[in-house]
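What follows is a short report on a single structure.
Order of appearance sets the numbers: ligands from 1, and atoms from 1 within every ligand. Hydrogens, waters and symmetry mates play no part in the numbers below; they use all other heavy atoms, side chains included. In what follows, residues are counted from 1 in the order of the sequence shown.
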Amino acid sequence: MGMKTFLVTGCAGFIGSNFVHYMLDKYPDVRLVNLDKLTYAGNLENLADLEGDARHTFVQGDIGDAALVAELLKTCDPDCVINFAAESHVDRSIKNPELFVQNNVEGTVNLLQRCKDAWYDAGAKTWKTGKKFLQVSTDEVYGALGPEGYFTESTPLCPHSPYSASKASADLFVMAFHDTYGMPVNITRCSNNYGPYQFPEKLIPLLINNAKQHKTLPVYGDGMQVRDWLYVMDHCKAIDMVARAGKVGEVYNIGGHNERPNLFIVKTVIAQLRERLGDEAISEALITHVTDRLGHDRRYGIDPTKIKNDLGWYPETPFEKGIVLTIDWYLGHEDWMAHVTSGDYQKYYEQMYKNR
Ligand code: NAD
Ligand code: TYD
């Protein structure tokens, strides 16, 4: 019998909401309890099509709320807790690092503690069988690469941004709970995701939204920073595989040798949108080089050998297909974009990009 009940956190955000869709599509008898505090990045519209599906329950709340997490662990008794919840944007972390410590580090430690309370018999030093805690982390914890080489699971942690430092800290706590108490854990470290429901503070949806409106396309520095882009559903598949079959105590890198410089991404989005909309004003003339991000990591690149060999995972969606799926999704969901860019988003954009 496989895992059936999951407590998933942060699943009204980008990757988590895709994960909920993935799991409900795949498993008729799965049960997902989704704890999310609905920050600016959390959006119940991401799950609107699931209304009435009794397999998914949404609970609004903070992963740092000890009483609430304890209560949820008791009432839903999950086989697996998957922690997606986090402040996730590097630029915001540069402006407000403390928020990242609070949500990403303290929040994760609270989840670990509450799982330990619920699953650990301190006298017998044993864990309830069939339980697992899975931390969704990022390749950014490894720092930056030069032109050669890849991140493996044994690459030393060397985070540079407050965001990646908070994710690395959380990872260290997860491993500390494994090493100290024998907690059954996995950590996944994924490269840059793209796809439906991504908030337009991140590169690809920001480009789509701006280009459609003939607004400038801000490229940090020379635009030759390299990211290893992964279609979000391929990431969701990997997380499910690690939850079910990952060896306890192991870290799995998730990515797929799909490295592209940012300028390539920008030009691809321009070309695709221009063709789809038949709009000649969407052109490379919109590209505007702006002041670089502080401490900007030059290159990320994942070596996915371990997850491929151990679990048989590989990225199924080539970038050329994934980017078309993504652009089509955004073109077909104009209301979604209009809702998430009204109000606070305009203020955010102004503050982040003016005088740059
Ligand atoms: P996101 O910003 O779109 O969503 C994060 C969600 O977490 C939001 O719904 C937000 O409301 C919720 N949240 C934040 N703090 C919370 C708290 N204290 N309690 C409860 N809910 C809280 O992020 P995402 O892009 O979906 O990323 C999900 C996870 O994957 C994060 O842990 C991130 O570090 C990791 N990750 C993301 C990427 C990527 O490319 N987006 C790549 C690798 C890893
Ligand atoms: P982002 O989507 O913020 O992800 P991350 O910082 O986690 O990699 O950025 C992806 C790359 O695009 C990164 O090198 C920064 C760059 N970028 C821009 O050049 N302009 C932008 O407006 C944004 C948001 C990002």
- [ ] Report the part of Y163 (side chain from C-beta onward, or backbone N, CA, C, O) that has a heavy atom under 4.0 Å from ligand 2; answer both or neither where that applies.
- [x] neither

TODO: Report, in ascending order of atom number, the atoms of ligand 1 lying under 4.0 Å from any heavy atom of V136.
DONE: 30 (O), 32 (O)

Task: Y163 and ligand 1 - part of the residue with a heavy-atom distance under 4.0 Å - done: side chain

Task: Inter-residue atom distance T305.OG1 - E153.CD, 0.5 Å rounding - done: 8.0 Å

Open item on the list: Please list the nearest protein heavy atom to atom 19 (O) of ligand 2 with its residue and the distance rounded to 0.1 Å.
Closed with: Y220 N, 2.9 Å

- [ ] Using distance alone, decide if ligand 1 has a nitrogen or oxygen within less than 3.5 Å of any nitrogen or oxygen in G13.
- [x] yes

TODO: Would you mind telling me if ligand 2 is within reach of the side chain of L203, the backbone, both or neither, using heavy atoms under 4.0 Å?
DONE: both

TODO: Give yes if a backbone or side-chain nitrogen or oxygen of N43 is under 3.5 Å from a nitrogen or oxygen of ligand 1, and no if not.
DONE: no

Task: Atoms of ligand 1 close to S191 [distance to a heavy atom under 4.0 angstrom, numbered from 1] - done: 42 (C), 43 (C)

- [ ] Of the side chain and backbone of I265, name the one, both, or neither that has a heavy atom under 4.0 Å from an atom of ligand 2.
- [x] neither

Open item on the list: Between R299 and E259 (salt bridge meaning N to carboxylate O under 4.0 Å), is one present in this structure?
Closed with: yes

Open item on the list: Polar contacts were defined as any N/O atom of the residue lying under 3.5 Å from an N/O atom of the ligand; does this apply to S88 and ligand 1?
Closed with: yes

Task: N/O separation below 3.5 Å, T39 to ligand 1 - done: yes

Task: Side chain, backbone, both or neither: the part of Q102 lying under 4.0 Å from ligand 1 by heavy atom - done: neither

- [ ] Would you please indicate if the ring centroids of W127 and Y181 are separated by under 6.0 Å?
- [x] no

- [ ] Compare all side-chain heavy atoms of L47 with those of N34 and state whether any distance is below 4.5 angstrom.
- [x] yes

Open item on the list: Applying the salt bridge (charged side-chain N to carboxylate O under 4.0 Å, His left out) criterion to K4, which one of D29, D77, D79 satisfies it?
Closed with: D29

Open item on the list: Distance to the ring centre below 6.0 angstrom and angle to the axis at most 45 degrees; does that hold for R293 and Y163?
Closed with: no

Open item on the list: Check for me whether the distance between the ring centres of Y40 and Y348 falls short of 6.0 Å.
Closed with: no

Open item on the list: Considering both backbone and side-chain atoms of I63, is one of its nitrogen or oxygen atoms within less than 3.5 Å of a nitrogen or oxygen in ligand 1?
Closed with: yes

Open item on the list: With the threshold set at under 4.0 angstrom, would you say A12 reaches ligand 1 through any of its heavy atoms?
Closed with: yes

Task: Close approach, S17 and ligand 1, non-hydrogen under 4.0 angstrom - done: no

Task: Residue E320 excluded, over 12 heavy atoms near CD under 6.0 Å - done: yes

- [ ] Identify the protein heavy atom lying closest to atom 7 (O) of ligand 2, giving its residue, its atom name and the separation to 0.1 Å.
- [x] E140 OE2, 2.5 Å

- [ ] On the 0 to 90° scale, with breaks at 30° and 60°, tag the Y220-Y353 ring pair as parallel, tilted or perpendicular.
- [x] tilted

Task: Within-cut-off N or O pair, C11 and ligand 1, under 3.5 Å - done: no

Open item on the list: Between ligand 1 and N192, is the shortest N or O to N or O distance under 3.5 Å?
Closed with: no

Open item on the list: Taking 4.0 Å as the limit for heavy-atom contacts, which would you say applies to R293 with ligand 2: side chain only, backbone only, both, or neither?
Closed with: side chain

Open item on the list: Please determine whether a side-chain nitrogen of the Lys or Arg among R260 and D228 lies less than 4.0 Å from a carboxylate oxygen of the Asp or Glu.
Closed with: no

